[in-house]
2 protein chains.
Amino acid sequence: MLSFTETARCGGARAGEVRTPRGSFATPAFMPVGTRGAVRTLTSADLEDLGAAVVLANTYHLMLRPGAELIAERGGLHRFMDWSGHILTDSGGYQVMSLEPKLDDAGATFRSTYDGSTHTLTPERATEVQALLGSDIAMVLDVCPPLPSPRPVIEAAVDRTAAWAARARAAHRSIAPPSQLQFGIVQGGLEVDLRRTSAARTLEIGFDGYAIGGLSVGEERHERLEPLAATTEMLPADRPRYLMGVGDPLSLLEAVSAGVDMFDCVLPTRLARHGTVLTSEGRLNLANARFARDDGPLDPALANDPAGRWSRAYLRHLLMVGETAATRILTLHNLAWLFELMASTRVAIAQGRFEAHAAAIRAVWER
Amino acid sequence: MLSFTETARCGGARAGEVRTPRGSFATPAFMPVGTRGAVRTLTSADLEDLGAAVVLANTYHLMLRPGAELIAERGGLHRFMDWSGHILTDSGGYQVMSLEPKLDDAGATFRSTYDGSTHTLTPERATEVQALLGSDIAMVLDVCPPLPSPRPVIEAAVDRTAAWAARARAAHRSIAPPSQLQFGIVQGGLEVDLRRTSAARTLEIGFDGYAIGGLSVGEERHERLEPLAATTEMLPADRPRYLMGVGDPLSLLEAVSAGVDMFDCVLPTRLARHGTVLTSEGRLNLANARFARDDGPLDPALANDPAGRWSRAYLRHLLMVGETAATRILTLHNLAWLFELMASTRVAIAQGRFEAHAAAIRAVWER
């Protein structure tokens with residue numbers, strides 16, 4: 001089946017629909033991160049109320065706690081979470097790379113952050129774990145160097161990512177449920193030629209969709225525009241494009257402008273847990289004393305805000321005394337705000353006014 | 001207005017309705033504790049979904065953070081929380097007594113647990129703070145000694161509680177909004193004669209309802225039956241009776257049997273935060289490894305359980321990895337379970353089978 005249909009285009013930005021055996025979702029789409037089988041502070045009922053379409057879950061965490069086999073015995077991650085929307089699982093690579101693993105052509109050997117036990121993640125095992133979890137979209141195991149890294153490090157990452165992608169694709173064909181899609185990942189750091197090489201090698205293998213990895217890992221925002229564009233222009237129009245780990249409004253819109261369809265990031269939920277609120281006027285630090293007597297809602301401009309019935313004064317109070325209800329309400333708000341940004345972006349693309357829309361967002365967020 | 005109407009009686013147990021200017025609620029009733037203006041982990045929307053009728057809020061905490069005057073400026077605690085159900089505020093005395101205050105006839109001087117600053121709580125100030133909060137039911141400042149305490153300590157507590165109650169009543173008449181009810185508190189430890197003395201002196205002042213304080217503060221469950229009965233038999237039939245700080249199923253039913261109407265306790269919500277679940281089969285410690293592969297709900301016998309869609313295995317996983325969604329779901333469950341216990345108790349009283357109902361609960365919880 002075709003996994004992506006473009007429904008509108010405006011400059012480099014495109015709106016569309018990703019179709020999977022589970023259903024479909026509109027793009028550009030933001031996917032909240034449900035690290036351990038739950039978006040922090042939220043339930044699947046909350047995600048339904050928010051209208052979330054896709055949730056990301058972390059292979060690294062779930063393979064260690066409670067274990068992929070245990071989840072498979074329970075009927076898979078959808079049933080375990082009681083979530084009937086889409087699930088995209090990462091490969092575990094990103095978390096593992098941060099643990100200074102022993103890395104060779106076979107895979108990555110690392111110590112669990114839970115109990116210090118030793119585990120090996122290979123392209124085949126990462127594929128198997130995701131098959132056990134039963135996500136709708138699985139990712140290949142890749143090598144994602146931090147930025148800046150010397151060019152030889154980036155080159156080696158491109159090579160190993162390509163070799164692993166071929167093995168992950170073969171493993172997926174033999175063991176994954178037919179309903180599960182698999183995305184390849186393009187690496188290459190900020191080097192445009194390496195991005196092109198990596199894209200070509202990933203395309204040669206052939207996947208249901210393509211992710212752009214290795215960005216938002218230490219570089220400045222403006223530095224990623226050229227390598228990002230060099231990647232997306234090589235990707236086929238009939239496959240979804242997913243920029244990994246990006247979630248601030250300016251980066252989202254820049255990437256949409258370069259033709260990206262899907263995003264994930266812990267930023268909106270992590271900000272919420274630290275009392276930072278996304279609003280139509282920019283970020284707002286709720287701990288600021290000026291909100292102690294503010295009877296208004298977090299963002300008067302956000303319609304249908306799940307946090308809208310409570311005042312800034314009340315939510316600030318809950319935050320300051322450490323009531324966890326505050327972090328949940330702020331998480332609901334930040335996700336609702338970001339989903340609304342994506343929805344208004346889709347409408348702007350469909351109505352041929354994406355540039356004006358993006359300019360209005362920039363006017364607030366570049367302040 | 002009459003503040004209590006008995007609708008059914010079965011032995012010593014009674015079912016009824018407390019009426020206030022805000023509305024009414026059915027008794028016996030359990031009131032969850034919203035210490036700092038929120039029941040831990042929950043929002044007012046959650047309380048509405050649970051069908052909670054009355055929430056308790058703590059004067060001690062709210063007078064220090066964010067401050068009673070700040071809440072009054074916001075339109076009172078109902079508006080601050082966006083909660084249109086009933087609110088009962090304690091007097092702050094119980095928390096203050098645990099801080100080893102300087103205690104004299106005027107009041108209690110103590111250091112704030114938030115910032116070490118010094119504050120004085122008098123019967124008048126406790127009344128004023130509750131008037132500022134605008135609760136539906138205010139409590140007098142009392143002296144609540146721990147058990148066991150020497151008889152002279154209990155006697156002195158009875159004397160000072162009575163003297164303070166008279167001052168609190170006078171203060172309430174002069175400064176509280178007419179819509180706010182005020183309850184007196186009977187002390188007397190486990191001494192039946194002192195309970196009678198305290199009840200008589202409290203009745204002499206005259207309140208909208210009567211609380212039984214100074215129990216569930218260190219004694220065994222069976223020790224409180226006689227002093228409790230000695231108190232309730234002196235209280236007028238047309239006023240609600242509130243046993244403070246009791247929330248375990250056996251104690252609740254024993255107190256209902258002695259004619260008590262209202263209860264509050266942090267137990268069900270605190271247990272939830274530690275992974276202990278109330279069920280029709282008794283307590284269940286969700287951290288136990290035997291639940292790791294348990295696909296059933298927390299309590300199959302609880303209809304309309306807000307936690308019912310998730311399995312024990314999933315909730316245990318969230319609990320073990322420290323996801324705060326777990327503590328919220330378990331809090332919702334424990335409160336739903338306890339509200340259902342109170343509802344079935346009201347029905348049993350109305351149907352003249354309270355003793356059989358209580359015996360069935362005892363058969364599970366005395367194991």
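Values reported hereafter were calculated over all heavy atoms of this structure, with side chains retained and with hydrogens, waters and symmetry mates removed.
- Minimum interatomic distance between A:Y314 and B:A38 (heavy atoms only, all atoms of both residues): OH-CB, 3.6 Å.
- Residues of residues 128-138 of chain A lying within less than 4.5 angstrom of chain B, judged on heavy atoms, are absent.
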Output a table of donor-acceptor pairs, distance under 3.5 Å, between side-chain atoms of residues 52-63 of chain A and any protein atom two or more places apart or on a different chain; print 'none' if there are none.
{"from": "A:N58", "atom 1": "ND2", "to": "A:D90", "atom 2": "OD2", "distance (Å)": "2.4"}
{"from": "A:T59", "atom 1": "OG1", "to": "A:D90", "atom 2": "O", "distance (Å)": "2.5"}
{"from": "A:Y60", "atom 1": "OH", "to": "A:T113", "atom 2": "N", "distance (Å)": "3.0"}
{"from": "A:Y60", "atom 1": "OH", "to": "A:T113", "atom 2": "OG1", "distance (Å)": "2.6"}
{"from": "A:H61", "atom 1": "ND1", "to": "A:Y114", "atom 2": "OH", "distance (Å)": "2.9"}

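- Of all the heavy atoms in B:R309 and A:S44, the pair that sits closest is NH2-OG, 3.5 Å.
- Residue with the most contacts toward chain A among B:V39, B:L315, B:L70: B:L70 (heavy-atom pairs, distance under 4.5 Å).
- A:N288 is linked by a side chain to side chain contact (heavy atoms under 4.5 Å, CB included) to A:R290, A:F291, counting only residues two or more places apart in sequence or in another chain.
- A:L318 has its side chain out of reach of B:R36: every pair of non-hydrogen atoms, C-beta onward, lies at least 4.5 Å apart.
- Contact record, A:A45 with B:W310: N-CZ2, 4.0 Å, taken as the closest heavy-atom pair.
- Both the backbone and the side chain of B:M81 come within less than 4.5 Å of a heavy atom in chain A.
- In this structure, the portion of B:I329 lying under 4.5 Å from any heavy atom of chain A is its side chain and not its backbone.
- Residue pairs that meet the side-chain hydrogen bond (donor to acceptor under 3.5 Å, both in side chains) test with at least one member in residues 315-329 of chain A, sequence neighbours left out, are A:D46-A:R328.
- Looking at B:R65 and A:M320, their side chains never come closer than 4.5 Å, going by heavy atoms from C-beta outward.
- The number of heavy atoms from other shown groups lying within 6.0 Å of CZ (B:R22) is above 12.
- Within 6.0 Å of CG in B:N304 there are 12 or fewer heavy atoms belonging to other residues, nucleotides or ligands.
- Atom CZ of A:F25 sits in a crowded spot, with more than 12 heavy atoms from other residues, nucleotides or ligands closer than 6.0 Å.
- Between chain B and the options A:G75, A:A326, A:A313, A:G67, the largest number of non-hydrogen pairs under 4.5 Å is found for A:A313.
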